[in-house]
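Inspection log for the structure reproduced underneath, given as structure tokens.
Values in this document were obtained by computation on a predicted structure and should not be read as measured data. Hydrogens, waters and symmetry mates play no part in the numbers below; they use all other heavy atoms, side chains included. In what follows, every chain begins at residue 1, and chains take the letters A, B, ... in the order their sequences are listed.
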Amino acid sequence: MRRPCNTAAIRLYTTSGRQRQCASSLLRRGDRKGPHGYTAAMRSRQTTGQHALPSLVPVTGAVPPPGHRPPESHLPELQQALLAWFAANARPLPWRRQYTPYEVWISEIMLQQTQMERGVSYFLRWMERFPDLPALAAASEEEVLHAWEGLGYYSRARNLLAAARLVMREHGGIFPSGPDAIRALPGIGPYTAAAIASIAFNLPVACIDANVERVIARVFDVDSPVKSGPAAARIAELARRLLPAGEARRHNQAMMELGALVCGKKPRCGQCPLARFCTALHLGIVHERPVPGKKAEITPIEVVTGVLSSHGRIFVQKRLPRGAWGGLWEFPGGRVEPGETPEQAVVREFAEETGLAVRVTAPLGVIRHGYTTYRVRLHCFALEPVTDATPRPPEPPVLTAATACRWLERGELESLAMPAAHRKLADSLTAPQGALLAAF
DNA sequence: GACTCGTGGCG
DNA sequence: TCGCCAAGAGT
């Protein structure tokens, strides 16, 4: 299965240009003054204070306009406005046709920490390859990882397979409908359990994801970091109270859709169905909600990898089953140690990870990528085996960082799941005009 | 709670 | 170039 690229089908699901235009003009206006007469200086002071609400004072002469409807005392009206908005603005996503548990499940896992457009393209390809749960359960991990290649967080794919097999074994192949049974499946945490229970089965549970947190933090003016305990508890309680009876499926999707399309990082308050209920908008502090947590530090690191070729074949190894890129295939390599050149590092890493003696024949360039806490520069090299004069049977590799290895024909690189950076390198090897091809 | 786990798009 | 982040879960 080939990695999805930007296909024409995806355009169906993107935000329209009209919405983008409206949003930008609104944002500029809001940045300058705020919709209700509070200055930027006022907002700035509110952000740093622990108690934004009590310290709020209108600009001299400005009176907060009438019409704000405190959300706590207008829940039914708010719920109705949200559902009406969703009915008119819901995107026609592929898993919104039938709401089968399998499709809802796959879509929810794929969309974790993944942008909608990418999720849609992978979802469509996934359903061609694994059309139902038994088909997934019958697949190999190699196949599943290959279908997932490029999405990242590969434990999601491994857990999907494990969960599918568990459902076959313990639930007779029928996706469980009880919240506890759903939550017990590998890879399904609090959010996803609630999403499947409500969206697939319309059970009365509230979904709380980053979108919902953002919407609630603004509408109800939650003034502590949303990831902290107190804020999380308040948001959970508010989310429960917001849920209309019998409407969990539509309501939860509406909350998340609103957070994605309107109440995003760039809020489009002018087109928001909840604007008249929104406390943060009323106070002119929409941009200060939600209150962010502390940000992680990014460490720059130098990493090397090498493409070892011998007799027209290329060496790859399969990473250990757990941890980063677990179960994916890669070219051996590792970090450059202090005082070491990248060339020295790749020779050392090959010796440590495979027992193979190699030498560098050519540099293949530097690939930049980043993940969570690292910003990586991956130095790539072409390698050849170091052989002594006397012919002898080739010694088998001694793998210390992998469970398997293979010598591949160049065309076979396509068939294995690889980390994104290694995939870029592999693609450069087979590219028709690859500047690196001469090295082979 | 604090960490880890990927990737590509965007301003 | 760089920081931020997009429908979180597992340890």
Whether [X] contacts [N] is assessed here as follows: a side-chain N or O lying under 4.0 Å from the phosphate OP1 or OP2. Is that the case?
| X | N | answer |
| --- | --- | --- |
| A:Arg214 | C:dA7 | yes |
| A:Trp325 | B:dT7 | yes |
| A:Tyr154 | B:dT7 | yes |

Say we look at B:dG1 and C:dA9: how far apart would their C1' atoms be, to the nearest angstrom? 15 Å
Quantified in whole Å, what is the P atom distance between nucleotide B:dA2 and nucleotide C:dA7? 23 Å
Hey, which of these two, A:Gly187 or A:Arg96, hits DNA chain C nearer its 5' end, going by closest nucleotide? A:Arg96
Assign A:Ala420 to base, sugar-phosphate, or nothing according to its heavy-atom contacts below 4.0 angstrom with the strands shown. sugar-phosphate
What's A:Gly326 touching, base or sugar-phosphate or nothing? Going by heavy atoms closer than 4.0 Å. nothing
Nucleic acid contacts - residues 99-114 of chain A versus DNA chain C, non-hydrogen atoms under 4.0 Å: A:Glu108, A:Leu111, A:Gln112, A:Gln113
For [X] and [N], give me the distance from atom [atom1] to atom [atom2], rounded to whole Å.
| X | N | atom1 | atom2 | value |
| --- | --- | --- | --- | --- |
| A:Arg156 | B:dT4 | CZ | C1' | 14 Å |
| A:Trp148 | B:dC5 | CH2 | P | 18 Å |
| A:Arg322 | C:dT11 | CZ | C1' | 12 Å |
| A:Ile216 | C:dA7 | CD1 | C1' | 14 Å |
| A:Glu297 | B:dT4 | CD | C1' | 16 Å |
| A:Leu320 | B:dT4 | CG | C1' | 16 Å |
| A:Asn159 | C:dG10 | CG | P | 6 Å |
| A:Lys294 | B:dG1 | NZ | C1' | 9 Å |

Taking only distance into account, with no hydrogens and no angle test, what donor-acceptor pairs under 3.5 Å do side-chain atoms of residues 160-167 of chain A form with protein atoms, sequence neighbours excluded?
unit_1, atom_1, unit_2, atom_2, d
A:Arg165, NE, A:Ala137, O, 3.2
A:Arg165, NH2, A:Ala139, O, 2.7

Is the closest basic N to carboxylate O distance between [X] and [Y] below 4.0 Å?
| X | Y | value |
| --- | --- | --- |
| A:Arg97 | A:Glu103 | no |
| A:Arg241 | A:Glu72 | no |
| A:Arg234 | A:Glu237 | no |

Which is more 5' along DNA chain B, the nucleotide nearest A:Ser155 or the one nearest A:Ser228? Just name the residue. A:Ser228
DNA chain B nearest-nucleotide lookup for A:Lys227 and A:Leu328: closer to the 5′ end is A:Lys227
Whether [X] side chain and [Y] backbone form a donor-acceptor pair below 3.5 Å:
| X | Y | value |
| --- | --- | --- |
| A:Thr279 | A:Val219 | yes |
| A:Lys318 | A:Ala402 | no |
| A:Arg156 | A:Gly187 | no |

[options]: which one has an atom nearest the side-chain heavy atoms of [X]?
| X | options | answer |
| --- | --- | --- |
| A:Arg183 | C:dA7, B:dT4, C:dG10 | C:dG10 |
| A:Arg118 | B:dG8, B:dC5, C:dA7 | B:dG8 |
| A:Thr192 | C:dA6, C:dG10, C:dG8 | C:dG8 |

Does the structure place the NZ or CZ of A:Arg249 under 6.0 Å from the centre of the six-membered ring of A:Tyr99, at an angle of no more than 45° from the ring's axis? yes
Can you confirm whether A:Trp148 sits close enough to A:Leu328 that some side-chain heavy atom of one is under 4.5 Å from a side-chain heavy atom of the other? no
Could you list, one pair per line, each protein nitrogen or oxygen that sits under 3.5 Å from a nitrogen or oxygen of nucleotides 2-5 of chain C, together with the distance?
unit_1, atom_1, unit_2, atom_2, d
C:dG3, OP2, A:Arg375, NH1, 2.8

Any chance the side chains of A:Glu412 and A:Ser415 put a donor and an acceptor closer than 3.5 Å? no
Euclidean distance, A:His251 NE2 relative to A:Asn202 CG, rounded to 0.5 Å: 12.0 Å
